[in-house]
**Q** 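Let me begin by handing over the structure; questions about it come next.
The chains referred to below are lettered A, B, ... by the order of the sequence lines, with proteins before strands, and numbering in each begins at 1.
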2 protein chains.
Amino acid sequence: MYSYPNLTRRQNQVLSFLRNFKEEEGIAPTYREISGHFGFKSTKAALDHVRALEKKGFVRLHGNRSRSIEIVSLESDPKGNVVSIPILGEVPAGTPEKLEENRTDAIAIDEMIINNCKGHQLFALKVTGESMIGRNICDGDWVIIDPNVPPKEGEVVVALIDGDTTLKTLSKKKGRYFLKSENPNYPDWIPMKEMTVQGVVKALIRRI
Amino acid sequence: MYSYPNLTRRQNQVLSFLRNFKEEEGIAPTYREISGHFGFKSTKAALDHVRALEKKGFVRLHGNRSRSIEIVSLESDPKGNVVSIPILGEVPAGTPEKLEENRTDAIAIDEMIINNCKGHQLFALKVTGESMIGRNICDGDWVIIDPNVPPKEGEVVVALIDGDTTLKTLSKKKGRYFLKSENPNYPDWIPMKEMTVQGVVKALIRRI
DNA sequence: ACTTATACTATACAAATGTATAGTTATCCA
DNA sequence: TGGATAACTATACATTTGTATAGTATAAGT
């Protein structure tokens, strides 16, 4: 286990016990259970140690409720700031194809990665094709899409163009929006009838 | 929330409350807190419902200890397959610099992304510089490094070369390993004294 | 020398808490 | 028609549990 230099030997032992107990039992120990483990003959000893840990920011106490010692992890909490994003399907960065909304899987992502997207209905798509290679988006990458922000010129977007979905750079020429491929081997797409930007690419994940 | 067909309407409500309470408060509620929420005038009502949930396998009770209602998750825990990876610092994909191991932050990542790395001591680095642009690794990207796999030729690796750390492609020329930049504007690095590959890039994350 | 922090003991108490017995009402199944 | 199950009320009690006061001993800083 870890040992924190700003904690005393005993405080480290107590913190370690709190961690193990919660890991094994699923709940926090009582002060009497702490005392029992260390052989304290007074519950005050355990109380003092936990209060010292609270003072130093290692645990948080929730009122006078039983078993309410919450362990504050100094390393980023692996559970707190994670959001689950549904993978809706594939999006060709080449020829546009239909995007089916049959949720098969989801991907868990650190909230930090997709900042300022609280409440937005994010989704993920797997990129197929090499047309966005100029923006360093490769075949097989996952892109995280935010459908709840207004798209700006120059951003990489998922767009529904003439009934098909594709991943391109939103561009403007002579006051008219079109979809630009970031690869000279692939064509740009100029909307014939209608074009709807479904979302803006906020993040990218690649397995190597 | 979810609704289970083999649970009654009320049992579903109670299970839902147990889930929410644990989510928000971090601890399980007492039978009186359950009763309070539903307006039960007897704690026996809450006890009966929780015992019914136990009988059907939705919760587990740990003896007669307070706040010891453990929720048994039937579906795969959405937070179960997330690993926390420490961000150790920055790695220049240009001029090599010293890599300090002062853990400042961590990043939570879906286990799926970094497959076949169980038990490996993964870490993350933030890329600075553009020398790996040819492999579509950009300035500002995070790379997830696996130090517990043997590096192969052609893989992108973090290497300690002559006392400095850098991100490059591991290459071989005339039977001798060297570090190749994936950008014509940046030089390759041929080890003078010693070269240690610290790990192989397994994944990449980019905020856009 | 004085204060502060650590690390406890001893005792105590009110509130919180799990658990129990006895009963009511309604619904569903056979 | 009868029995099992669900969904409660009412009351009660023994522990469990958080918290407090008062005190001892040791070491660390200032």
**Q** Roughly, in whole Å, what's the span from CG in A:L15 to P in C:dA7?
**A**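 It works out to 13 Å between those atoms.
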**Q** Given atom NE2 of A:H62 and atom C1' of D:dT17, what is their separation to the nearest angstrom?
**A**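 About 17 Å, once rounded to whole Å.
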**Q** A:M132 pairs by side chain to side chain contact (heavy atoms under 4.5 Å, CB included) with which of A:L204, A:V127, A:T169?
**A**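 So the option named by the test is A:T169.
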**Q** Return no unless some side-chain N or O of A:T8 is found under 4.0 Å from OP1 or OP2 of C:dA5.
**A**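 Result: no.
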**Q** Which comes earlier along DNA chain D counting from the 5' end, the contact point of A:R65 or that of B:K55, where each point is its nearest nucleotide?
**A**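 Nearer the 5' end of the strand: B:K55.
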**Q** Report the distance from atom CD1 of A:I34 to atom P of D:dT19, rounded to the nearest whole Å.
**A**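 Nearest whole value for this atom pair: 12 Å.
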**Q** Is the shortest distance from a Lys or Arg side-chain nitrogen in A:R206 or A:D141 to a carboxylate oxygen in the other one below 4.0 Å?
**A**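 Judged by the 4.0 Å cut-off on N to carboxylate O distance, A:R206 and A:D141 do form a salt bridge.
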**Q** Please tabulate, one pair per line, all N/O donor-acceptor pairs under 3.5 Å involving side-chain atoms of residues 37-45 of chain B, not counting sequence neighbours.
**A**
| residue | atom | partner | partner atom | Å |
| --- | --- | --- | --- | --- |
| B:S42 | OG | B:K44 | N | 3.1 |
| B:K44 | NZ | B:D48 | OD1 | 3.1 |

**Q** May I ask you to verify whether the side chain of B:R32 and the base of C:dG18 hold a donor-acceptor pair under 3.5 Å?
**A**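 Such a pair exists between side chain and base.
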**Q** Is B:R67 close enough to C:dG18 that one of its side-chain N or O atoms is under 4.0 Å from OP1 or OP2 there?
**A**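 No, no such contact exists.
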**Q** Do any of residues 41-53 of chain A sit with a heavy atom less than 4.0 Å from DNA chain C, and if so which?
**A**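 The answer is A:K41, A:S42, A:K44, A:A45, A:D48, A:H49.
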**Q** Please give, in whole Å, the distance from C:dT11 P to A:F40 CZ?
**A**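 Rounding to the nearest Å, CZ of A:F40 and P of C:dT11 are 18 Å apart.
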**Q** Is any side-chain nitrogen or oxygen of B:R10 closer than 4.0 Å to OP1 or OP2 of D:dC8?
**A**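 Yes, B:R10 has a side-chain N/O under 4.0 Å of OP1/OP2 on D:dC8.
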**Q** Is the shortest side-chain N to carboxylate O distance from B:E182 to B:K168 below 4.0 Å?
**A**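 Answer for the salt bridge query: no.
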**Q** Can you measure A:N64 atom CG to D:dT16 atom C1' for me and round it to whole angstrom units?
**A**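 In whole Å, D:dT16 C1' and A:N64 CG are 14 Å from each other.
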**Q** Charged N to carboxylate O under 4.0 angstrom, B:R65 versus A:E25?
**A**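 The answer is yes: the pair qualifies as a salt bridge.
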**Q** Show the nearest heavy-atom pair for residues B:I34 and B:P29, with the distance to one decimal.
**A**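 Closest approach of B:I34 to B:P29, heavy atoms only: CG1-CG, 3.9 Å.
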**Q** For B:K56 and D:dT5, is the shortest distance between a side-chain N/O and OP1 or OP2 below 4.0 Å?
**A**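 So the side chain of B:K56 is outside the cut-off, no N or O lying under 4.0 Å from OP1 or OP2 of D:dT5.
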**Q** Indicate whether the side chain of B:H62 and that of B:E70 have a donor and an acceptor atom separated by less than 3.5 Å.
**A**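 The answer is yes; a qualifying pair exists.
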**Q** Between A:Q11 and C:dA5, is there a contact of a side-chain N or O with OP1 or OP2 at under 4.0 Å?
**A**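 So the side chain of A:Q11 is outside the cut-off, no N or O lying under 4.0 Å from OP1 or OP2 of C:dA5.
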**Q** Between P on C:dA15 and OH on A:Y31, what's the gap in Å once rounded to a whole number?
**A**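 Nearest whole value for this atom pair: 19 Å.
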